[in-house]
There are 2 protein chains.
Amino acid sequence: MASSPFDNDSSSLTLSDRIFEQIQTGIVKGDIPAGSKISEPEMAKAYGISRGTLREALSRLEERQLVVRAPNHGARVVTLSYEELVDIYQVREALGGLACGLAARNMTDAEIDDLKKLLDEHEQSINEDQGLSYYQQEGELDFHYRILQGSRNKKVLSILDGGLYQLMRMYRYQFSTSTPRPLQALKEHRRIVEALEERDAELADLLMRRHIRSARLSIEERQRNSQEQKG
Amino acid sequence: MASSPFDNDSSSLTLSDRIFEQIQTGIVKGDIPAGSKISEPEMAKAYGISRGTLREALSRLEERQLVVRAPNHGARVVTLSYEELVDIYQVREALGGLACGLAARNMTDAEIDDLKKLLDEHEQSINEDQGLSYYQQEGELDFHYRILQGSRNKKVLSILDGGLYQLMRMYRYQFSTSTPRPLQALKEHRRIVEALEERDAELADLLMRRHIRSARLSIEERQRNSQEQKG
DNA sequence: CAACTATAAAGTGTCGACACTTTTATTTTT
DNA sequence: AAAAATAAAAGTGTCGACACTTTATAGTTG
């Protein structure tokens, strides 16, 4: 079949595409602070582009809910509330489970093998620095990303990778919360991979949901604790 | 608390906002055919706007995956394949279940009552015209939309309402497939509402998932049949 | 006449300009 | 001196223009 420029050429992005990505990572990493106002002329100047190009990028960012816009009042970076983070984790639980169940059916043996190697690397990284490293933080997402890929479901991939992961990353950077229990998480990851190896979709689904849920619960607990201190 | 223009003012949309919505419904309803190329100058002229404004709308449409763009080659309306439709239903199953379980906890009694009334209307509409009416088709979505609202989870709402429902509507218009088994569907809806009334989150989740899954299975069956005829 | 090249038409990416709206600063009024 | 009115500055929404790329057309050559 002949390749058309529409099937993910990905080479030669447009300027607005690149700016979109730059701003996105800027927001996620906190270089552009959450809640801050975005002045179009100022930002356009900063990136050395025209306002029109910038506005195309902002439109996409708005659709991804990384910025909020009000007509005639401009754009602000989102501020993520505790409630929204819980919302996100709930969605992630449902979709992560779905993806993992599908992955048990659709991943190749080679892909599963690679996953196991990835976990070995994680273990080493944990032993070296108690899981505080940047690598460990992003490694968690890498693990989930591969399973997403393995699900072969484009929608679940685009929802999680295209939107939700960015928001979670943003939250992590902002409150600099690394994975709270790296060894426990690693154990759970290993169990998940076992289920994948055995092609047990139901179990894979269940384990992934439980894995994400326990992450959410530990966030909720932390929140309760910090609330007590105030009240 | 003072109201800021950023919390969903919704009054006085921008021109590009309105165009965005117009094009979206145009795509969903098939007035702008799936797979067709979009010429920016032509379309801008048709709507009586400038190309810059149009391009902002297209950027958002692209982010919603209703149009596909390739740098220097322009934009096309998506073409939805059978595989993608299955993907969508799988995601919908997972998220619909999540939303329904949450709704069992978070909907008000009044909201649940309204849901029951809605189902009564549906029953009448089915008796009158065997469920072939436009109303019946959109009514199905209305039911699901209210449960989404009731979940109080903004993310799941924005994912389903903001993106996936549009694609499903599009598919329905394109293949003019009304709900294949309206009476059965109604029965399932009633059971779901019962679970909501009893505040049984686990059951509500389960029933909703099963409800959506059976819709998917009937689509998959139809596909197999049409494949047989060819092969 | 098919295949290749050259040329014209159309289309996309990016920019700068201007009107109108909101915000900030300044002046006036009480 | 605080509040209201006014003026200035900044910012947003929308448009038209131009360079460069792709697609369509016509012409040329083997």
Side-chain angles (χ1 to χ4, degrees), chain A residues 2-24 26-27 32-33 35-63 65-78, chain B residues 2-24 26-27 32-33 35-63 65-78:
Chain A
S3 92
S4 113
F6 285 91
D7 18 278
N8 271 21
D9 191 322
S10 125
S11 70
S12 119
L13 297 175
T14 189
L15 176 55
S16 138
D17 286 337
R18 289 197 305 270
I19 296 293
F20 167 74
E21 283 173 14
Q22 279 184 247
I23 298 179
Q24 174 168 250
I27 290 177
I32 308 170
S36 65
K37 184 166 189 314
I38 292 175
S39 159
E40 290 180 6
E42 187 182 321
M43 182 168 253
K45 205 173 171 186
Y47 286 94
I49 60 173
S50 85
R51 266 186 62 227
T53 304
L54 173 65
R55 281 174 65 88
E56 281 185 29
L58 287 180
S59 297
R60 294 173 60 187
L61 260 347
E62 181 186 16
E63 203 62 24
Q65 303 181 16
L66 260 62
V67 312
V68 181
R69 264 172 153 181
N72 283 312
H73 291 257
R76 309 193 87 89
V77 179
V78 284
Chain B
S3 94
S4 113
F6 284 90
D7 20 274
N8 270 21
D9 191 322
S10 127
S11 68
S12 117
L13 297 174
T14 191
L15 176 56
S16 138
D17 287 337
R18 290 198 304 270
I19 297 292
F20 167 73
E21 283 173 16
Q22 278 183 247
I23 299 179
Q24 174 170 249
I27 290 176
I32 308 170
S36 64
K37 183 165 189 316
I38 291 176
S39 158
E40 291 180 5
E42 188 182 323
M43 181 167 254
K45 205 173 171 185
Y47 286 95
I49 59 175
S50 86
R51 264 185 64 226
T53 305
L54 174 67
R55 281 174 64 88
E56 281 184 30
L58 288 179
S59 296
R60 294 174 61 187
L61 260 346
E62 181 187 17
E63 203 62 23
Q65 304 181 16
L66 260 62
V67 314
V68 182
R69 265 172 152 179
N72 284 313
H73 292 256
R76 309 194 88 89
V77 179
V78 284

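Just so we're on the same page: letters track the sequence lines, and every chain starts at 1.
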Salt bridge (Lys or Arg N to Asp or Glu O under 4.0 Å) against B:Glu62, all qualifying residues, sequence neighbours excluded: B:Arg69

For A:Gln24, side-chain contact (heavy atoms from CB on, under 4.5 Å) partners two or more places apart: A:Phe20, A:Val28, A:Leu61, A:Arg64, A:Leu66, A:Gln166

Contact state string [nucleotides 11-20 of chain D, B base, S sugar-phosphate only, - no protein heavy atom under 4.0 Å]: SBBBB-B---

Listed once per pair and sorted, the salt bridge (Lys or Arg N to Asp or Glu O under 4.0 Å) pairs that draw on residues 43-60 of chain A, sequence neighbours left out: A:Asp17-A:Arg60, A:Glu40-A:Arg51, A:Glu40-A:Arg55, A:Arg55-B:Glu56, A:Glu56-B:Arg55, A:Arg60-B:Glu63

side-chain hydrogen bond (donor to acceptor under 3.5 Å, both in side chains) involving B:Ser36 - partner list, sequence neighbours excluded: none

Counterpart residues, side-chain hydrogen bond (donor to acceptor under 3.5 Å, both in side chains), relative to A:Thr53 (two or more places apart): A:Ser50

